[in-house]
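Below is one structure; the comments refer to it alone.
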Amino acid sequence: MQQKKTLSRRRLLQLGTTAAAALPLAHILITSPVLADDLPHLATDNPTAAALGYTEDTTSVDKAANPRHEVSQKCSNCVLVQGADGDQWRPCAIFPGSVVNADGWCKSWAPKA
């Protein structure tokens with residue numbers, strides 16, 4: 001016959017106190033965004049960046065290798081780039097853990113709606 005496990009009031013209070021103490025920390029960790037200033041700039045020799053032709057300056061894109069590129073296409077007006085307008089370095093969904101130059105470009109560029 002199996003013994004029934006019970007939770008004493010004392011143990012319940014201990015667990016409740018621990019959970020209540022952890023809530024403010026959990027709230028801070030969940031709601032605090034990682035700031036772009038804390039992330040490294042994307043290196044152009046990063047394997048993914050190189051494969052997508054990332055450059056920090058859209059005016060330096062090789063037109064022969066990227067015939068559909070237009071100078072008006074920049075990371076700052078790409079749907080994949082996050083962050084505030086006016087920030088020079090911003091997070092990009094394609095390159096997690098790094099920030100891209102607002103004046104940059106890669107083959108994944110897609111216009112903001």
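All residue numbers refer to positions in the sequence shown, counting from 1.
For the residue pair Lys63 and Arg68, the shortest heavy atom distance occurs at NZ-C, 4.4 Å. Of all heavy-atom pairs spanning Ala43 and Ala49, the tightest one is O-CB, 3.6 Å. Among all heavy-atom pairs drawn from Pro67 and Ala64, the shortest one is CD-O, 3.9 Å. Closest heavy-atom contact between Pro91 and Val99: N-CG1, 3.7 Å.
By the criterion of side-chain heavy atoms lying less than 4.5 angstrom apart, applied directly or through intervening Ile, Leu, Val, Met, Phe, Trp or Tyr residues, Leu42 is grouped together with Val79 in one hydrophobic cluster.
The backbone N or O of Phe95 lies less than 3.5 Å from no partner atom in the side chain of Ser98, so there is not a single donor-acceptor pair.
Screening residues 104-113 for side-chain hydrogen bond (donor to acceptor under 3.5 Å, both in side chains) gives Gln73-Trp105, Asn77-Trp109 as the qualifying pairs, with residues at least two apart or on separate chains.
Put simply, SG on Cys75 and CG on Leu80 are 9.0 Å apart, with the number rounded to the nearest 0.5 Å. Between the CG atom of Leu52 and the OG1 atom of Thr55 there is a distance of 13.0 Å, given to the nearest 0.5 Å.
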### Test side chain to side chain contact (heavy atoms under 4.5 Å, CB included) applied to Arg90 and Asp85, step by step
CA-CA 9 Å; Arg90 304 180 196 177; Asp85 287 342; 3.8 Å; yes
### Message
Could you walk me through whether Asp103 and Glu56 satisfy the side chain to side chain contact (heavy atoms under 4.5 Å, CB included) test, starting with their C-alpha distance in whole Å, then the side-chain angles of each, then the deciding distance to 0.1 Å, before giving a yes or no?
### Response
CA-CA 6 Å; Asp103 296 326; Glu56 291 182 0; over 6 Å; no
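Screening His69, Lys74, Glu70 for a side chain to side chain donor-acceptor pair (under 3.5 Å) involving Thr58 leaves a single residue, His69.
Applying the side-chain hydrogen bond (donor to acceptor under 3.5 Å, both in side chains) criterion to Ser8, with sequence neighbours excluded, gives no partner residue.
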